[in-house]
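Quick caveat: nothing in here was measured; it's all calculated off a predicted structure.
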Amino acid sequence: MLFFFGSRATKIKERRLRNTKCPYCETKDSFTVATFSKYFHFFWIPIIPLFKTHVAECSHCKKSYAKGQFTPEMLRSLENENRVNPAKKPIWQGCGCIVLVLFFGTMLAFSFYGVYMRSQNPEKYKIELDPRLELLNADMDKLSRRVQRDTDSLTFSLKECVAYDIVDGIDTDEIGYFTKWNGDKLLVLLKVNDIKKIEAKYRKELFDVIEDCMDDINPKDSITEYYMAVEGKWNTVLVKTPTDADLGGRFADKKKLLPFYGEKPLPIEKTEMDSILK
Ligand SMILES: [Zn+2]
């Protein structure tokens, strides 16, 4: 596992410690103190400087001391050095921070510019809403496992027939159904929560079952077009219409069902909208 972020240190200054004595070899003024600056990095890009550390080394006995091991006179000497010759954190350790600020600043500027342009020219940026999609979503919400024989005999017969024909180990009581007429078109929606029990490549056979059942239930000439979809647990997995189909069994585009509700409506012009509102 690579480390993509964390802290790194870099040496920023080397100074002599005056008026000191090595506690080990007792040599006078033998210390060089190296000052390191730690910084936070992300993908090795320095983001922000953190803190400084100091390590002193005796040039005579080569023994090194972390700041916590400094004698009081070493600490005093370091304080003196910090006054006359301070070790500053280098600016580059914060350059990632500056880049990030510039980046987000630019993004923000662009989004403000977009909002401004839309407010100046709303026609050009008009979002085309398709009311047919609202109808489809409303119908999909009506998918139900409990179908009444008295009030919805077509769906009831379909459910009975499909439950009889399916032999794939699916719990047929758990399948949701919805049917709807529009002229001579019929919309058939099924919701199969445990669709994963059927291999994806065999799922499209559900349509064969539905079509066979509908042939039995209804005289052939009363329906000229079928619009069928199977919903899985999370998304539409199958769609079949007279002109289009998604039969892969995993992800299907439910918008292909929209022609069931009619031709694509023309976007309403702003002037027309105004006259309607008046
Ligand atoms: Zn020494």
Please name the pair of heavy atoms, one in [X] and one in [Y], separated by the smallest distance, quoted to 0.1 Å.
{"X": "Lys52", "Y": "Thr35", "answer": "CD-CG2, 4.1 Å"}
{"X": "Lys89", "Y": "Leu50", "answer": "NZ-O, 3.3 Å"}
{"X": "Asp246", "Y": "Lys256", "answer": "OD1-NZ, 2.7 Å"}
{"X": "Ala56", "Y": "Met74", "answer": "CB-CE, 3.8 Å"}
{"X": "Thr10", "Y": "Gln93", "answer": "CG2-NE2, 2.9 Å"}
{"X": "Cys22", "Y": "Tyr65", "answer": "SG-OH, 3.7 Å"}

Open item on the list: Is it true that, when you exclude Glu134 itself, more than 12 heavy atoms of the residues, nucleotides or ligands shown sit nearer than 6.0 Å to its CD?
Closed with: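 No.
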- [ ] Answer whether the closest heavy-atom distance between the side chains of Asn182 and Leu187 falls below 4.5 Å.
- [x]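 No. Closest side-chain heavy atoms not under 4.5 Å.
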Task: Min side-chain heavy-atom separation Leu190-Tyr177 under 4.5 Å - done: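 The answer is yes; the side chains approach within 4.5 Å.
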TODO: Could you please spell out the steps behind the salt bridge (Lys or Arg N to Asp or Glu O under 4.0 Å) verdict for Asp253 and Lys255?
DONE: CA-CA 5 Å; Asp253 183 5; Lys255 285 182 185 161; 5.7 Å; no
Open item on the list: One thing to verify: whether Arg16 and Glu81 come together as a salt bridge, which I'm taking to mean a side-chain N less than 4.0 angstrom from a carboxylate O.
Closed with: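 Salt bridge flag = no for Arg16 with Glu81.
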TODO: On the 0 to 90° scale, with breaks at 30° and 60°, tag the His41-Trp44 ring pair as parallel, tilted or perpendicular.
DONE: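 Ring orientation, 0 to 90° scale: parallel.
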